[in-house]
Amino acid sequence: MASSWISPPTRTELIEDLVSGVDRYNPSNVSILEDYLYHQIRSEEYDCLANLAILKLYQFNPELYNPDVIVNILLKALTASPLPDFNLCISLLDERPPNVNTDEPDPLPSLLPTLKGLHSLLYRCRFPAFWKAYRSEELENLRDNYTVEVVGFENAVREVAIRAVKAAFTQISTTRLGSYLDLTGADLEAYIRKLGWTIDPSSSVVNIPPNPDNQIEATVVQESINLPQLTKVISHAAKA
Amino acid sequence: MAQQRMPLWAAEADIDEDVDLHLAIGNYGQNGHYEDAPMQQPQIDEATLMAMQQHMAQQAAFAQIPDVVKAFIVHFHQAVLDNNLAEITVAYESGWNKYTEKFYSRTEWPEAEVIAPLVNDDPIFLILYRELYYRHVYSRLQPNIDDRFHSYENSCELFNYLLNSEGPVQLELPEQWLWDIIDEFIYQFQVFCTWRSKVKSKTEDELMMLAEGGPVWSSYSVLNVLYSLIQKSRINEYIVAQQEGKSPEEIAEIVGEYGQRPLYRMLGYFSIIGLLRVHVLLGDFTLALKVMENVELNQKSPFTRVTACHVATYYYVGFCYIMLRRYPDAIRTFVQVLNFIMRMRQYHTRSYQYDQISKTADRMYALFAICNALSPSRLDDNVANISKERYGEQYAKMARGGEDSLAAFEELFLYACPKFITANPPPYDDPAALALLIPPSPTDSPTQTPAPLPSVDPTHRHLSLFLADVAAQVQVPTLRSFLKLYTSLGAKKLANFLDADEEEIVQEMMLMKQVSKSVSRVPGSEKGLLDGQTITTSDLNFVIADNMVHIAESTIGRRYAGWFIKNTERTQRIFDDLRSTPLPQPPKTAPPAAATAMPAPAAGETHAKASRAGGQKVAWGAVKAA
């Protein structure tokens with residue numbers, strides 16, 4: 001967990017106090033954190049720990065439960081893959097007793113399996129299958145009511161794919177990359193250009209710039225001994 | 001030990017006989033006569049009657065207490081009054097267990113009200129006594145709902161006394177006991193939550209009490225206690241000040257009147273560990289590691305004196321790392337503490353907590369096997385071998401991968417995971433909602449839509465998350481075994497080998513790449529347990545250029561240095577022993593052995609030198625071929 005995950009630079013002091021202090025348990029602070037979530041959704045920011053703090057409050061105070069907020073948190077966590085954020089959120093969703101006096105149906109029970117399915121596809125790098133599922137008719141409800149509100153959701157998914165591609169490829173065909181990004185033609189080219197990657201015009205293969213993960217090298221790891229490991233031997237010798 | 005102490009208490013018992021005498025006599029008189037009284041004189045009003053009955057019952061119970069136990073309690077009380085840590089420790093660790101075995105292995109200890117006369121109704125001692133009383137009920141017997149509620153009340157009284165007295169209390173207790181107080185508090189919370197979540201087998205009375213239970217064993221109340229102890233003791237400030245190397249005077253000023261007292265400081269530290277545990281039980285693995293952010297995980301800290309606490313800390317931290325998919329960190333955590341346990345074994349076997357520690361260790365070997373299958377490492381062959389010894393069959397399955405491995409992962413996870421709990425009770429206060437949770441008779445046709453109440457217990461929720469992660473990478477070992485054979489290989493050919501679609505295989509390779517990386521702590525360079533950097537965890541690396549897979553394997557050169565260092569140290573020990581042994585024939589002057597100092601090997605340089613030097617010196621004492 002890089003330090004930007006533990007404490008994103010966009011996190012305000014107020015939120016920091018809530019995330020790191022005892023005040024995180026105070027149910028009356030939930031609206032501050034919920035507002036912060038909606039801010040993240042509008043401005044393409046992400047703060048996992050702050051969102052987990054909302055789920056924690058829901059866990060302890062079932063009356064605060066707000067399924068829409070939970071769906072939004074899960075959508076944000078989805079695009080953090082392969083970090084474990086999505087699972088961390090699910091871990092906090094305690095079983096809820098069946099709601100007897102329902103005024104309005106709870107959308108979460110029906111959406112949860114869908115979201116878990118999407119997460120599994122993303123985590124397993126099954127990007128074409130992800131897009132197919134995401135664009136399917138069954139997920140219309142999710143798209144129309146939720147992901148549409150999450151600014152840059154589809155691009156965030158593409159970034160998940162880019163992270164995976166960058167690590168595993170030095171070259172990739174445009175068709176394959178397109179299927180991972182759900183982009184074709186000019187859109188795809190524009191996206192590739194924005195990444196700073198180049199397309200070989202003759203073979204239409206995309207070259208991916210070198211990075212630590214796609215540079216491989218057979219190495220022999222040699223042991224390296226540092227002075228501190230020898231202190232016992234040396235000091236003993238000095239005493240003797 | 002315990003046997004020797006016996007005469008001491010027996011001797012004191014004689015003296016105490018005076019105190020007990022009148023009570024015993026009074027009791028004697030009642031036994032035959034008063035018991036019938038209520039029947040004959042129904043006009044006595046009920047309250048008085050109840051009080052009388054209670055009084056008589058108590059006296060009868062008092063008479064039943066063996067004299068040695070009475071003496072023990074008196075002695076124990078005196079030790080607490082005197083703040084005599086040594087005596088308290090002996091009574092706590094040895095006396096209590098001894099008399100439990102002897103008299104109360106199947107029944108409760110006498111109730112606090114019954115023994116109250118022995119301790120002059122000292123309220124503090126009675127709270128401590130009840131703490132032990134209930135702990136005994138929980139560990140040896142089956143607590144009923146009254147026990148569960150009362151043990152909570154007693155814990156509250158104890159914490160109230162510690163936290164809300166005027167200023168810090170003067171009480172002193174052994175560290176082990178302080179840890180046990182926190183540990184037991186959380187344990188009772190956990191078993192209460194588990195018991196509470198089972199709606200089915202509750203009696204009417206229990207349902208009523210649960211409906212009106214209010215804050216009893218609520219998550220908030222438990223967290224409140226732990227956070228209050230942490231804040232009151234300023235333990236986090238204390239740890240930070242220690243790390244910054246502040247002087248004792250400065251530290252005393254920082255931690256204030258509470259934090260200066262060992263009782264509060266230790267309770268504060270144990271509460272941090274307690275929080276770690278509670279957060280894990282509730283499934284909040286990031287927050288669990290976050291509360292530990294000031295605690296340094298090492299074996300040098302004075303807080304490691306309580307072994308049970310030390311072991312629990314590593315167990316829960318390691319488990320958090322597993323749930324964060326940080327298997328290398330989990331492995332490192334388990335290796336550290338398992339080695340510690342191995343080294344300390346000689347002391348443990350004598351401790352009454354040995355069972356608990358070795359059970360936790362066993363679970364950590366299981367977790368280690370899981371991690372090692374998911375992210376093979378050669379960090380510590382010793383621990384790896386023991387783990388394979390104990391869980392060889394499961395480990396082989398897990399390491400082989402494929403669908404069959406899931407059952408082995410599940411088995412070990414369920415065996416080794418913490419006892420997860422649900423934060424909130426089922427809706428006991430809402431009979432209608434509650435009724436929905438009680439499954440209808442099993443005659444219901446199974447063809448009906450899946451029951452709307454698949455109330456998944458928290459353990460299975462975490463299990464299914466973990467298994468989903470594992471399932472994602474079950475094909476990796478197979479892929480890996482193929483890749484190991486090549487330096488480059490067409491994706492299509494690979495797909496043919498595996499009888500799979502080429503695109504499918506390419507995506508699987510991306511996944512393989514992804515799981516061969518992990519966030520990991522870089523020792524020494526970071527603060528806090530959450531922090532870390534991405535590292536590569538696999539020795540097999542590859543990259544795809546369009547449709548061609550290029551493979552590179554890293555190998556680890558043979559390691560000599562560790563062997564040499566270990567043997568140099570061993571040789572030195574032998575040499576020292578030899579030198580300190582008096583020579584068999586003293587008369588002639590002994591050779592001045594100390595003259596030849598061992599040459600210090602230059603940093604990082606050939607260890608052959610060091611070892612040769614050692615070898616020479618050994619040759620002085622006795623010839624020992626390497």
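The sequence lines fix the lettering, A, B, ..., with proteins before strands; numbering per chain opens at 1. Just so it is clear, the structure is predicted and the values come from calculations on it, not from any experiment.
Side chain of A:E138 to main chain of A:A133: no donor-acceptor pair is present (N/O by atom type, distance under 3.5 Å, no hydrogens or angles).
The contact between A:S20 and chain B is made by backbone and side chain atoms together, counting heavy-atom distances below 4.5 Å. Heavy atoms of B:A545 lying under 4.5 Å from chain A belong to its backbone as well as its side chain. For A:V206, no part lies near chain B; criterion is any non-hydrogen pair under 4.5 Å. Looking at A:F127, the atoms closer than 4.5 Å to chain B (heavy atoms on both sides) sit in the backbone and in the side chain alike. Contact annotation for B:Q514: only side-chain heavy atoms (C-beta onward) come within less than 4.5 Å of a heavy atom of chain A. When heavy atoms are compared at a cutoff of 4.5 Å, B:Q475 does not approach chain A at all. Heavy-atom distances place no part of A:R163 under 4.5 Å from chain B, backbone and side chain included. Heavy atoms closer than 4.5 Å to chain B are found in both the backbone and the side chain of A:V220.
A salt bridge does not link A:E159 to A:K166: none of the charged nitrogens lies less than 4.0 Å from a carboxylate oxygen. Ionic pairing of A:K56 and B:D284 is present here: one or more N-O contacts between side-chain nitrogen and carboxylate oxygen are shorter than 4.0 angstrom. Salt bridge annotation for A:K76-A:D85: absent, with no cationic side-chain nitrogen under 4.0 angstrom from a carboxylate oxygen. At a threshold of 4.0 Å, the pair A:D47-A:R11 counts as salt-bridged, since one of the basic side-chain nitrogens sits closer than that to a carboxylate oxygen.
Interface summary for chain A: among B:M548, B:H550, B:K517, the most heavy-atom pairs under 4.5 angstrom belong to B:K517. The candidate with the highest count of non-hydrogen atom pairs below 4.5 Å against chain A, out of B:S218, B:G283, B:S516, B:S197, is B:G283. Ranked by heavy-atom pairs shorter than 4.5 Å toward chain B, the options A:I208, A:I90, A:V205 are led by A:I90. Considering only heavy-atom pairs separated by less than 4.5 Å from chain A, the leading option among B:K513, B:R325, B:M510 is B:R325. Looking only at heavy-atom pairs under 4.5 Å with chain B, the residue among A:S91, A:S173, A:P109 that has the most is A:S91. When each of B:I551, B:L223, B:L287, B:D539 is checked for heavy-atom pairs under 4.5 Å with chain A, B:L287 comes out on top. Top candidate by heavy-atom pairs under 4.5 Å with chain A, chosen from B:N424, B:T487, B:T536, B:V549, is B:N424. When A:T170, A:N87, A:V165, A:I172 are compared by the number of non-hydrogen pairs under 4.5 Å with chain B, A:N87 comes out ahead. Of the listed residues (B:E293, B:E504, B:Q473), the greatest number of heavy-atom pairs within a distance under 4.5 Å of chain A belongs to B:E504. Between chain B and the options A:A53, A:S179, A:C48, A:P128, heavy-atom pairs under 4.5 Å are most frequent for A:P128.
A centroid separation of less than 6.0 Å is found between the aromatic rings of B:H462 and B:F285. Residues B:Y227 and A:Y25 bring their aromatic ring centres within 6.0 Å.
Evaluation of the side chain to side chain donor-acceptor pair (under 3.5 Å) test over residues 108-122 of chain A, restricted to residues two or more places apart or in two chains, returns A:S120-A:R124.
The minimum heavy-atom distance between B:P418 and B:V280, with the atom names listed, is CG-CG1, 3.7 Å.
Residues of residues 211-218 of chain A that come closer than 4.5 Å to chain B, counting heavy atoms only, are A:D213, A:N214, A:I216, A:E217, A:A218, ordered by residue number.
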Go through A:R135 and A:D182 one step at a time and tell me if the salt bridge (Lys or Arg N to Asp or Glu O under 4.0 Å) criterion holds. CA-CA 10 Å; A:R135 304 263 184 237; A:D182 196 37; 2.6 Å; yes
Go through B:Y327 and B:Y321 one step at a time and tell me if the ring-ring contact (aromatic ring centres under 6.0 Å, His included) criterion holds. CA-CA 6 Å; B:Y327 308 115; B:Y321 280 134; over 10 Å; no
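You'll find the side chain of A:L93 stays beyond 4.5 Å of the side chain of A:Y58, heavy atoms only.
How far CG of A:N207 is from CG of A:D200: 6.5 Å, rounded to the nearest 0.5 Å. Rounding to the nearest 0.5 Å places CZ of A:F130 at 4.5 Å from CG of A:L122.
Between A:Y134 and A:W131, the ring planes are perpendicular. Angles over 60° get that label, and only those under 30° would be called parallel.
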